[in-house]
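Following: one structure in structure tokens, then a few remarks.
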2 protein chains.
Amino acid sequence: MPEETLPEQIARQLRRDILRGKLPPGTSIKERDNAAEMGVSRTPMREAIRILAQEGLVILRPARSPIVAQPSIKEISDQVEVLIALEKLSAELACKNATEAEIDALAATLDYMDKNFETADPLDMFETDMGFHASLARMSHNDVIAELHRTLLERLWRARYLAARRRRNRERVIVQHGSIVDALRNRDRAAALAAIEAHLGHLDRDIRNVLAQEAEAALATE
Amino acid sequence: MPEETLPEQIARQLRRDILRGKLPPGTSIKERDNAAEMGVSRTPMREAIRILAQEGLVILRPARSPIVAQPSIKEISDQVEVLIALEKLSAELACKNATEAEIDALAATLDYMDKNFETADPLDMFETDMGFHASLARMSHNDVIAELHRTLLERLWRARYLAARRRRNRERVIVQHGSIVDALRNRDRAAALAAIEAHLGHLDRDIRNVLAQEAEAALATE
DNA sequence: TTTTTGAATTTGGTATACCAAAAATCGTTG
DNA sequence: CAACGATTTTTGGTATACCAAATTCAAAAA
């Protein structure tokens with residue numbers, strides 16, 4: 001059995017629907033209706049909505065229906081700024097704290113990506129890529145960093161996915177990930193920082209571009 | 001009118017009781033009993049408990065009563081590490097983004113502390129000190145940073161309060177805050193980083209000391 | 001036709017009832 | 001007397017009922 005609480009299951013389902021676009025921004029999430037639709041009562045549905053609100057996916061309004069959030073470009077950009085800062089901090093700390101076994105595991109992930117980059121499902125490869133970064137955060141051996149990083153990565157999932165589809169480039173990803181692993185092996189903090197910078201430096205601009213483009217398309221079909 | 005929801009009010013009351021030590025770590029927070037005691041039903045009490053769980057003050061256990069968290073030294077230390085990193089990032093960004101008016105307001109806070117340091121209630125002065133740092137985070141003009149900083153400051157409230165009581169030293173606090181303001185005025189990122197480092201560099205060690213000392217005292221009265 | 005108003009409906013907030021799992025209690029048995 | 005086990009109690013999880021605020025919409029008046 002999955003050992004996941006009912007509110008978490010509901011939250012996961014709603015999260016999927018929101019990220020996949022089935023529930024576009026602005027849609028109201030009514031406790032009663034959604035609960036009935038999923039065959040549960042309002043209590044766990046209510047709790048699930050709170051979870052998503054905490055994640056920033058829905059907005060709670062006093063005495064009104066919660067609605068699916070429409071993150072502004074600024075919000076996304078702020079999140080990316082913090083994400084990058086956390087990864088830099090992770091890299092520095094990981095140089096000091098990561099075990100050899102952890103670095104080996106990270107290298108194995110890199111190797112897996114290298115071998116399967118062209119053949120595997122793009123979505124799987126994207127998940128692996130996210131996993132690489134999540135592992136790096138955990139290698140800081142600072143649970144707060146790992147947790148914050150995980151949360152931000154989750155919130156940025158959709159934006160990063162859209163941005164990644166454009167820059168799908170084996171050389172770039174593999175080489176840059178490789179230089180991160182090398183820096184960790186050498187316990188070279190400056191090199192690690194530089195490698196993160198090189199890898200994520202364009203992320204903010206990329207995401208801004210793809211979101212602006214999407215907003216434009218949305219206006220066109222209006 | 002306060003316009004604060006009932007669960008938030010309940011959470012605030014419980015938070016006070018926990019931070020003040022009225023509910024020591026390990027105490028179980030029973031939905032039914034606590035709700036009855038405060039004259040509300042289980043539903044908002046339940047929600048309040050989730051809020052505190054999210055803040056890390058209580059631990060949710062599957063099919064068990066939530067209990068007041070006993071943060072380990074490691075957890076506190078991890079949080080301090082991230083807090084310092086966020087303040088450094090804030091200072092850098094504030095050098096670029098803060099308005100002159102914001103810097104003036106920060107300087108006013110500093111001036112207030114300077115004039116009232118000895119006469120005011122230590123708790124008030126501590127709150128003002130926290131407000132100084134919260135303002136700095138907001139001056140990054142990055143809402144994610146400001147929000148994370150606020151959350152961490154809240155979680156570390158008790159530990160910082162205990163640590164601050166020892167190092168209550170007018171010179172130190174006023175001068176160091178002053179150098180932060182000066183760095184911001186000059187838009188000097190390096191100086192701002194150095195000022196934050198000088199001000200918070202010992203925080204981790206101080207908190208570790210005071211917590212270790214407290215744990216020792218707890219054992220003695222056992 | 002437009003505006004206003006008030007009643008019906010919708011919706012989140014709160015209280016309560018019910019259930020199942022886990023603890024605790026207590027009696028039984030070796 | 002100790003160890004085990006059944007039963008009672010406690011407790012969180014879920015469902016449902018009720019309420020009040022807010023919205024909506026229609027009817028009536030200007």
Side-chain angles (χ1 to χ4, degrees), chain A residues 1-19 22-71 147, chain B residues 1-19 22-71 147:
Chain A
M1 68 203 81
E3 277 305 330
E4 194 182 30
T5 72
L6 183 56
E8 279 165 357
Q9 292 177 37
I10 299 170
R12 162 140 54 159
Q13 180 61 44
L14 284 178
R15 193 184 298 116
R16 269 183 68 107
D17 291 346
I18 292 173
L19 290 175
K22 182 179 167 190
L23 297 175
T27 310
S28 64
I29 309 287
K30 294 172 223 190
E31 285 185 9
R32 241 173 279 260
D33 297 359
N34 283 68
E37 193 172 328
M38 297 184 64
V40 299
S41 86
R42 285 178 59 198
T43 313
M45 171 61 70
R46 185 180 172 77
E47 200 162 310
I49 291 174
R50 304 303 153 132
I51 293 175
L52 296 180
Q54 154 61 25
E55 293 177 5
L57 284 177
V58 308
I59 306 290
L60 259 45
R61 306 174 297 177
R64 301 290 294 278
S65 285
I67 58 174
V68 177
Q70 177 139 42
E147 174 67 13
Chain B
M1 71 197 87
E3 278 305 330
E4 193 182 29
T5 73
L6 183 56
E8 279 165 357
Q9 291 176 37
I10 299 171
R12 163 144 46 165
Q13 180 61 44
L14 285 177
R15 194 184 298 116
R16 270 181 68 106
D17 291 346
I18 293 174
L19 291 175
K22 182 180 168 187
L23 298 175
T27 310
S28 64
I29 309 287
K30 292 171 230 193
E31 283 186 9
R32 240 173 280 259
D33 296 359
N34 283 70
E37 192 172 329
M38 296 185 65
V40 300
S41 86
R42 286 178 59 199
T43 313
M45 171 61 69
R46 186 181 171 78
E47 199 162 311
I49 291 174
R50 304 302 154 131
I51 293 175
L52 296 180
Q54 152 63 23
E55 293 178 4
L57 284 177
V58 308
I59 306 290
L60 259 42
R61 306 173 297 178
R64 299 292 295 278
S65 286
I67 59 174
V68 177
Q70 178 140 41
E147 174 67 13

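We use all heavy atoms of the structure for the numbers below, so side chains are in, but hydrogens, waters and symmetry mates are not.
One atom, CD of B:Glu37, and another, C1' of D:dT11, lie 17 Å apart when rounded to the nearest Å.
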Pairwise N/O distances under 3.5 Å, protein to nucleotides 10-13 of chain C:
unit_1, atom_1, unit_2, atom_2, d
C:dT11, OP1, A:Lys30, NZ, 2.9
C:dT11, O3', A:Ser65, OG, 3.1
C:dG12, OP1, A:Ser65, OG, 2.7
C:dG12, OP2, A:Glu31, N, 3.4
C:dG12, N7, A:Arg32, NH2, 2.6
C:dG12, N7, A:Arg42, NH2, 3.4
C:dG12, O6, A:Arg32, NH2, 2.7
C:dG13, OP2, A:Arg46, NH1, 2.6
C:dG13, OP2, A:Arg46, NH2, 3.1
C:dG13, OP2, A:Arg50, NH2, 2.8
C:dG13, N7, A:Arg42, NH2, 2.9
C:dG13, O6, A:Arg42, NH1, 2.7

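Listed by chain and number, the residues in a side chain to side chain contact (heavy atoms under 4.5 Å, CB included) with A:Thr43 are A:Ser41 (sequence neighbours excluded). Qualifying side chain to side chain contact (heavy atoms under 4.5 Å, CB included) partners for B:Arg50, counting only residues two or more places apart in sequence or in other chains: A:Glu47, B:Glu31, B:Arg46, B:Leu60. Shown here are the side-chain hydrogen bond (donor to acceptor under 3.5 Å, both in side chains) partners of A:Glu55, two or more places apart in sequence or in another chain: A:Arg15. Scored by the side chain to side chain contact (heavy atoms under 4.5 Å, CB included) test, A:Glu147 finds A:Arg150, A:Thr151 as partners (sequence neighbours excluded).
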Between side-chain atoms of residues 61-69 of chain B and protein atoms elsewhere (two or more places apart, or another chain), which donor-acceptor pairs fall under 3.5 Å?
unit_1, atom_1, unit_2, atom_2, d
B:Arg61, NE, B:Ser65, O, 2.8
B:Arg61, NH2, B:Ser65, O, 2.7

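The side chain of B:Thr43 places no N or O atom within less than 4.0 Å of a non-bridging phosphate oxygen (OP1 or OP2) of C:dT14.
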